[in-house]
Protein chains: 2
Amino acid sequence: MIEALTNKLANYLDLEQEDIQSLRESVQQVEHIEAGQDIIRVDEKPEYVHLIVEGWGCRYKYLEDGKRAIVAYLIPGDVCDIHIAMLDHMDHSVSALTPLKLAYLPREAIERCFRDNHTLARAFFWTSLVEESTMREWFVNATSRPADKRLAHLFCELLMRHWAAKLERRADRFPMPLTQNELADAMGISLVHTNRVLQRLRRDGLVEFEGRTLIVLDWARLKAFADFNPTYLHLQEDKVWAGERSVEALGSSSGR
Amino acid sequence: MIEALTNKLANYLDLEQEDIQSLRESVQQVEHIEAGQDIIRVDEKPEYVHLIVEGWGCRYKYLEDGKRAIVAYLIPGDVCDIHIAMLDHMDHSVSALTPLKLAYLPREAIERCFRDNHTLARAFFWTSLVEESTMREWFVNATSRPADKRLAHLFCELLMRHWAAKLERRADRFPMPLTQNELADAMGISLVHTNRVLQRLRRDGLVEFEGRTLIVLDWARLKAFADFNPTYLHLQEDKVWAGERSVEALGSSSGR
DNA sequence: CGGATTATTGACGCTTTTCAAATGCAGTGG
DNA sequence: CCACTGCATTTGAAAAGCGTCAATAATCCG
């Protein structure tokens with residue numbers, strides 16, 4: 001249930017069994033949500049903190065002219081709204097991009113944890129700082145790289161985040177449930193351009209689709225093309241390394 | 001010395017006199033730094049947390065091709081690197097844009113405060129979440145708005161941040177020490193385009209320069225033009241309101 | 001006053017957007 | 001099984017926004 005979260009946190013610190021247990025006990029209920037439904041809306045202050053167990057979600061804002069700007073993708077192990085332990089209202093909304101399995105943690109359980117459990121408090125603060133760091137990188141990505149490198153960069157990030165949460169057995173792929181429209185809204189480029197750029201990445205042999213799974217054909221070349229430096233994800237090299245090594249091997253041996 | 005910081009925090013919670021005192025005692029030394037100098041570099045783990053007392057700084061990253069991407073401006077009251085209380089290395093650099101007066105807080109003082117002083121711990125977590133929220137808005141700004149609105153949006157934010165830290169007596173202005181190059185690096189547009197867009201804002205009577213001070217001529221119109229919604233700054237309306245009201249009045253009475 | 005930044009202007013080209021239409025694809029009901 | 005429907009993907013052509021290059025003016029500072 002919360003393995004994706006604990007796997008992710010393990011990249012930063014060593015959780016004791018009792019910390020994990022205490023987290024597990026905080027889960028009060030589990031809900032299923034349909035694609036397109038909102039989990040939390042801007043200006044709300046929800047009573048529960050939501051953890052994604054299965055499926056993808058996104059943080060987004062609507063602009064005056066009706067355009068939707070996606071500011072983050074959420075995958076299993078991501079928490080939607082710890083902000084709410086500190087802030088008095090959401091400054092953005094969160095919705096389901098696919099059907100979602102969600103764990104609900106009562107806000108007071110989180111607040112108790114901030115007071116009583118130093119390890120878990122640090123862990124949650126850490127996820128928050130990593131999100132901030134990720135936003136910085138998304139900003140740099142959007143302002144400084146052309147659309148094709150931008151998209152490649154996103155794929156690099158998503159692959160490593162799937163490694164960190166140990167969501168896939170094979171290191172060269174991850175599920176890609178997004179439509180090109182949903183990709184476009186997160187890259188800040190038009191749907192038409194997204195389509196063309198995506199074709200280019202495929203034509204150049206960097207990535208490939210197998211149904212709704214994205215396969216990285218050449219990790220080294222994709223990273224280089226995107227100017228991807230994973231520092232900002234704050235993962236500990238030695239803990240993610242196994243995955244990375246196997247995919248490096250895979251990338252060079254598969255040729256192409 | 002730390003008034004700008006405490007003023008800013010007061011927008012979120014009520015600090016007791018003893019909390020302020022405990023913060024004040026954490027300041028171990030004060031340094032002056034020249035414009036252009038780095039305060040912290042990427043990958044470092046500094047022993048001190050740095051607070052800006054006077055002057056402007058910025059967070060930035062360099063790209064492969066040598067371009068500098070500015071990801072945040074830091075003004076008095078802003079803390080450069082609380083990240084470091086949790087993370088093991090900086091994922092970006094921080095440098096001085098103007099001559100800077102900096103307060104140094106030993107890292108262990110911050111860590112002690114996280115353990116012992118619940119109020120201050122919340123306060124620091126709050127600043128971190130607001131920075132995250134601001135990064136989201138910068139991302140939306142960069143990906144979804146044309147260059148002129150983007151620049152207008154930045155000016156709106158900087159004005160309100162100066163209100164929040166009570167840095168200016170007059171509510172319609174703030175110091176603008178940045179060169180157009182430094183503006184361009186933060187907006188993700190070229191220097192030439194920045195120049196043209198800035199001229200447009202002046203020609204349209206939205207802003208004006210008085211030496212190195214930026215004057216907002218029509219706050220209501222600037223906000224509307226930029227599609228600026230201050231929710232993301234998480235300031236409490238009633239505490240900033242005095243400033244905002246006076247500038248609304250100012251904006252409409254000055255005509256133009 | 002002189003050298004060095006910083007601000008401004010013009011011309012041209014490329015990336016990306018917009019509009020519009022076509023094609024493919026999955027689910028539904030007859 | 002097939003037509004129908006709605007959504008996602010793909011393609012083309014023209015226009016807009018913005019970047020680059022290159023040169024000139026203004027400003028700052030010692």
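Throughout, protein chains are lettered first and strands after them, A, B, ... in sequence-line order, and every chain is numbered starting at 1. Only a predicted model underlies this, so the values are computations on that prediction, with no experimental measurement involved.
- Rounded to 10 degrees, the angle separating the terminal helix axes of the helix from C:dC1-D:dG30 to C:dG30-D:dC1, each built from five base pairs, is 40°.
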Sequence-aligned protein contact record of nucleotides 25-30 of chain D, with B where the base is within under 4.0 Å of a protein heavy atom and S where only the sugar-phosphate is: ------

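- A donor and an acceptor atom, one from each side chain of B:Asn181 and B:Thr179, are nowhere located under 3.5 Å apart.
- Side-chain atoms of A:Asp65 come within 3.5 Å of backbone atoms of A:Lys67 as a donor-acceptor pair (strictly under, hydrogens ignored).
- Each of C:dA7, D:dT9, D:dG12 was ranked by its minimum atom distance to the side chain of A:Gln180; first place goes to D:dT9.
- Between the CG atom of A:Leu201 and the P atom of D:dT10 there is a distance of 12 Å, given to the nearest Å.
- At a threshold of 4.0 angstrom between heavy atoms, the contacts of A:Arg200 with the nucleic acid are absent.
- Salt bridge B:Lys149/B:Asp227: absent, no basic N to carboxylate O contact under 4.0 Å.
- Within the nucleic acid shown, B:Gly211 has no heavy atom closer than 4.0 Å to any nucleic acid atom.
- Distance A:Asn181 CG to C:dT17 P: 13 Å, rounded to the nearest Å.
- For B:Arg196, the listed nucleotide lying nearest its side chain is D:dT20; candidates were C:dT6, D:dT20, C:dT17.
- For the residue pair B:Thr231 / A:Asp91, no side-chain donor-acceptor distance below 3.5 Å is found, with atom types taken as modelled.
- Ring centers of A:His92 and A:Tyr60: at least 6.0 Å apart, outside the cut-off.
- Between A:Asn195 and D:dT9, a side-chain N or O to OP1/OP2 separation shorter than 4.0 Å is absent.
- Comparing atom distances between the B:Ala147 side chain and each of C:dT16, D:dC18, C:dG10 picks out D:dC18 as nearest.
- Separating the NE2 atom of B:His193 from the C1' atom of D:dG17 is a distance of 6 Å, rounded to the nearest angstrom.
- Note on ring orientation: taking the six-membered ring where Trp is involved, the planes of A:Tyr232 and A:His153 are parallel (angle under 30°, cut-offs 30° and 60°).
- Using a 4.0 Å cut-off between charged nitrogen and carboxylate oxygen, A:Arg161 and A:Asp78 count as a salt-bridge pair.
- A donor atom on one side chain and an acceptor atom on the other are not found under 3.5 Å apart for A:Tyr73 and A:Glu182.
- Regarding B:Phe209, its CZ atom lies at a distance of 11 Å from the C1' atom of C:dA7, rounded to whole Å.
- Note on A:Glu131 versus A:Arg59: salt bridge recorded, some NZ/NE/NH1/NH2 to OD/OE distance being below 4.0 Å.
- Across all strands shown, B:Arg203 has no heavy atoms under 4.0 Å from either base or sugar-phosphate atoms.
- Salt bridge B:Lys61/A:Glu137: present, at least one basic N to carboxylate O contact under 4.0 Å.
- Among the protein residues, B:Thr179 comes within range of the sugar-phosphate backbone only, with heavy atoms under 4.0 Å from sugar or phosphate atoms but none that close to a base.
- Side-chain nitrogen and oxygen atoms of B:Gln199 include at least one within less than 4.0 Å of the OP1 or OP2 phosphate oxygen of C:dT9.
- For DNA chain D, none of the residues of residues 63-75 of chain B falls under the heavy-atom distance limit of 4.0 Å.
- Atom CG in A:Leu198 sits about 16 Å away from atom C1' in C:dT16, given to the nearest Å.
- In this structure, CG of A:Leu191 is placed 10 Å from P of D:dT10, rounded to the nearest angstrom.
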Residues B:Glu44, B:Arg41; criterion side chain to side chain contact (heavy atoms under 4.5 Å, CB included); working and verdict: CA-CA 6 Å; B:Glu44 287 180 357; B:Arg41 291 218 182 77; 3.6 Å; yes

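- Distance B:Leu183 CG to C:dT8 C1': 15 Å, rounded to the nearest Å.
- Atom-to-atom, CZ of A:Arg145 to C1' of D:dC18 comes out at 19 Å; the value is rounded to the nearest Å.
- More than 12 non-hydrogen atoms from other residues, nucleotides or ligands lie less than 6.0 angstrom from CD of B:Gln29.
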